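Residue indices begin at 1 and follow the sequence shown. All values reported here derive from a predicted model rather than from experimental measurement.
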Amino acid sequence: MENVAQLPKGIWYEAPKRRFRVRRYHNKVTYFKGYYRTYDAAETALSELNAELALIPKEKRIGRKS
């Protein structure tokens, strides 16, 4: 396993339960992929999730009106 401090964005390690969580935010919406026991499985799931999110157009931010 890689150093926990160097995990890619979207993967968290939950030490008490010894599992990896794959989750990303896109357009202010949470996309949860799942929990995985191994880093390799979590990395594969993150790649799949990123491919799915790439198909969703990114919304533009609207600035504040004064």
Side-chain angles (χ1 to χ4, degrees):
M1 179 181 85
E2 290 187 13
N3 186 0
V4 177
Q6 297 176 352
L7 290 175
K9 188 175 185 180
I11 296 179
W12 286 265
Y13 182 66
E14 296 179 352
K17 296 189 178 186
R18 297 184 318 208
R19 65 185 182 184
F20 294 90
R21 178 177 62 192
V22 177
R23 181 178 74 181
R24 291 291 312 260
Y25 294 99
H26 187 73
N27 292 335
K28 299 180 184 177
V29 177
T30 304
Y31 293 89
F32 176 73
K33 189 71 172 174
Y35 295 104
Y36 302 91
R37 289 281 177 197
T38 64
Y39 173 75
D40 293 332
E43 192 174 36
T44 302
L46 180 63
S47 298
E48 292 172 2
L49 181 59
N50 286 335
E52 292 172 18
L53 294 179
L55 300 175
I56 301 172
K58 189 154 179 131
E59 293 179 1
K60 292 184 178 180
R61 294 176 127 186
I62 299 173
R64 290 188 194 181
K65 294 181 181 179
S66 309

Closest non-hydrogen atom pair between Pro57 and Asn27, with its separation: O-ND2, 3.0 Å

Donor-acceptor contact below 3.5 Å, side chain Arg37 vs main chain Arg18: yes

Side-chain cluster (under 4.5 Å, hydrophobic types only) that Phe32 belongs to, other residues: Tyr35

From CA spacing to verdict: side-chain contact (heavy atoms from CB on, under 4.5 Å), Tyr36, Ile11: CA-CA 10 Å; Tyr36 302 91; Ile11 296 179; over 6 Å; no

Derivation of the side-chain contact (heavy atoms from CB on, under 4.5 Å) call for Tyr13 and Arg19: CA-CA 6 Å; Tyr13 182 66; Arg19 65 185 182 184; 5.9 Å; no

Atom pair OH/CG of Tyr31 and Leu49 - distance to nearest 0.5 Å: 9.0 Å

Which atom of Val22 lies closest to which atom of Ala42, heavy atoms considered: CG2-O, 3.6 Å

Separation between CZ of Arg24 and CG of Leu46, rounded to the nearest 0.5 Å: 6.5 Å

